[in-house]
Amino acid sequence: SDLKVFGQSSTSVVGNKDQLAVEDGLKSGWLSSAEDLIKQYYGIQGNGNTFKVDYTTFSDGPGGTLARVTAQVGSSGIGQNITLQVDMKDFVPANPPNGGSAPFYNDRILTHEMTHAVMDATMNVGSFFSNNQVFFMEGTAELMHGADERLYADIGGAGGPNISAVVAKVADWGSSWGGTSADYSAAYAGMRYLDEKIKAAGGNGIKD
């Protein structure tokens with residue numbers, strides 16, 4: 001199907017009841033809730049940019065990656081051919097309004113991915129990729145829905161016996177992105193810290 005970011009939508013999902021159920025979830029609240037959060041806390045929004053929602057191309061089985069955003073990105077500029085790929089193995093049966101299990105509830109995953117979709121449609125994401133700033137993109141996407149539970153789990157709970165593994169990832173900022181849970185937790189913690197410091201200085205947080 002083709003949907004629009006902050007715009008009207010059209011659908012071409014026919015016959016598959018599970019795909020239709022997910023489509024209904026996306027259109028009735030999952031996407032709009034994500035878009036509202038991104039606009040409120042990050043200060044960016046789409047301008048009716050069309051992007052595809054693909055229910056059939058990507059799957060790594062249940063419990064893996066629930067959804068991901070793909071786009072054609074050059075060395076600078078916005079992304080093109082933006083696609084939200086939904087792994088139906090994680091959405092059968094369809095499970096709105098949140099679904100999944102802590103800390104990876106389905107609506108959180110979709111908020112994370114929608115942050116990427118809006119970034120791709122409106123920001124110079126090519127520069128982020130070419131300058132190894134993936135941590136900023138991923139940390140901000142985590143910040144949109146909150147990732148305290150993941151961070152708490154990654155540091156080992158109260159007392160944080162594993163905190164050094166997360167802190168070590170900070171050294172990778174601007175040089176590489178490992179894609180592990182610890183990478184995401186470190187990026188989230190960094191963006192949350194930045195958000196608080198900007199606010200303490202009289203600004204509007206990460207949207208600045």
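This is a predicted model, so every value here is computed, not measured.
The shortest distance between side-chain heavy atoms of D183 and W177 falls below 4.5 Å. Using a 4.5 Å heavy-atom cutoff, the side chains of T140 and Y42 are in contact. K52 places none of its side-chain heavy atoms less than 4.5 Å from the side chain of I82. In this structure, the side chains of M137 and M119 come closer than 4.5 Å at one or more pairs of heavy atoms. The shortest distance between side-chain heavy atoms of T83 and F51 does not fall below 4.5 Å. Taking 4.5 Å as the limit, some side-chain heavy atom of T70 sits within range of a side-chain heavy atom of Q85. Counting heavy atoms from C-beta outward, M114 and V69 have side chains that stay 4.5 Å or more apart. With a 4.5 Å cut-off on side-chain heavy atoms, R150 and Y184 count as touching.
In this structure, the separation between CG on L37 and NE2 on H145 is 10.0 Å, given to the nearest 0.5 Å. With values rounded to the nearest 0.5 angstrom, D154 atom CG is found 7.5 Å from T180 atom OG1. Here the CG atom belonging to L110 is positioned 10.5 Å from the OG atom belonging to S33, to the nearest 0.5 angstrom. The structure places CG of N132 at 7.5 Å from OG of S176, a figure rounded to the nearest 0.5 Å. Rounded to the nearest 0.5 Å, atoms OG1 (T111) and CG (L143) are 12.0 Å apart.
Remark: the E23 side chain and the Y55 side chain contain an N/O donor-acceptor pair separated by less than 3.5 Å. With hydrogens and angles left out, the side-chain atoms of Y188 and D148 include a donor and acceptor closer than 3.5 Å.
With D208 contributing its side chain and G203 its backbone, the two residues share no donor-acceptor pair below 3.5 Å. When atom types are taken as modelled, the side chain of N81 and the backbone of Q72 share no donor-acceptor pair closer than 3.5 angstrom. A donor-acceptor distance shorter than 3.5 angstrom exists from the side chain of Q133 to the backbone of N131, with no hydrogens or angles considered. For the pair S127 (side chain) and N124 (backbone), a donor-acceptor distance under 3.5 Å is absent. The closest donor-acceptor contact from the side chain of D54 to the backbone of T57 lies under 3.5 Å.
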For I206 and M191, run side chain to side chain contact (heavy atoms under 4.5 Å, CB included): C-alpha distance rounded to whole Å, both residues' side-chain angles, the deciding distance at 0.1 Å, then the answer.
-> CA-CA 7 Å; I206 197 71; M191 292 307 101; 4.1 Å; yes
Step by step, would you call Q19 with T56 a side chain to side chain contact (heavy atoms under 4.5 Å, CB included)?
-> CA-CA 9 Å; Q19 292 176 14; T56 60; 3.6 Å; yes
Taking it one step at a time, do D172 and F135 satisfy side chain to side chain contact (heavy atoms under 4.5 Å, CB included)?
-> CA-CA 9 Å; D172 294 335; F135 80 92; over 6 Å; no
Quick one: do H112 and M144 satisfy side chain to side chain contact (heavy atoms under 4.5 Å, CB included)? Show the steps, please.
-> CA-CA 7 Å; H112 178 112; M144 286 307 99; over 6 Å; no
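Contact record, A186 with K169: CB-CB, 3.7 Å, taken as the closest heavy-atom pair. The two residues G79 and A71 come nearest to each other via the heavy atoms CA-CB, 4.4 Å. Residues P161 and G156 share a closest heavy-atom pair of CD-O, 3.6 Å. In this structure, Q45 and T122 approach most closely via the heavy-atom pair O-CG2, 3.4 Å. The shortest heavy-atom contact between I109 and L66 is CG2-CB, 3.9 Å. When every heavy atom of L84 is checked against every heavy atom of A67, the shortest pair comes out as CD1-CB, 4.2 Å.
One hydrophobic cluster, built from ILVMFWY side chains closer than 4.5 Å, holds both V134 and V170. Grouping the Ile, Leu, Val, Met, Phe, Trp and Tyr side chains by contacts below 4.5 angstrom, directly or via other members, places I78 apart from F129.
With sequence neighbours excluded, the residues that form a ring-ring contact (aromatic ring centres under 6.0 Å, His included) with F136 are F128.
Using a 4.0 Å cut-off between charged nitrogen and carboxylate oxygen, R68 and D87 do not count as a salt-bridge pair. Salt bridge absent: E142 and R192 never bring a charged side-chain N and a carboxylate O closer than 4.0 Å.
The number of heavy atoms from other shown groups lying within 6.0 Å of CZ (F58) is above 12. Within 6.0 Å of NZ in K197 there are 12 or fewer heavy atoms belonging to other residues, nucleotides or ligands. Counting heavy-atom neighbours within 6.0 Å of K207 NZ, excluding the residue itself, gives a total above 12.
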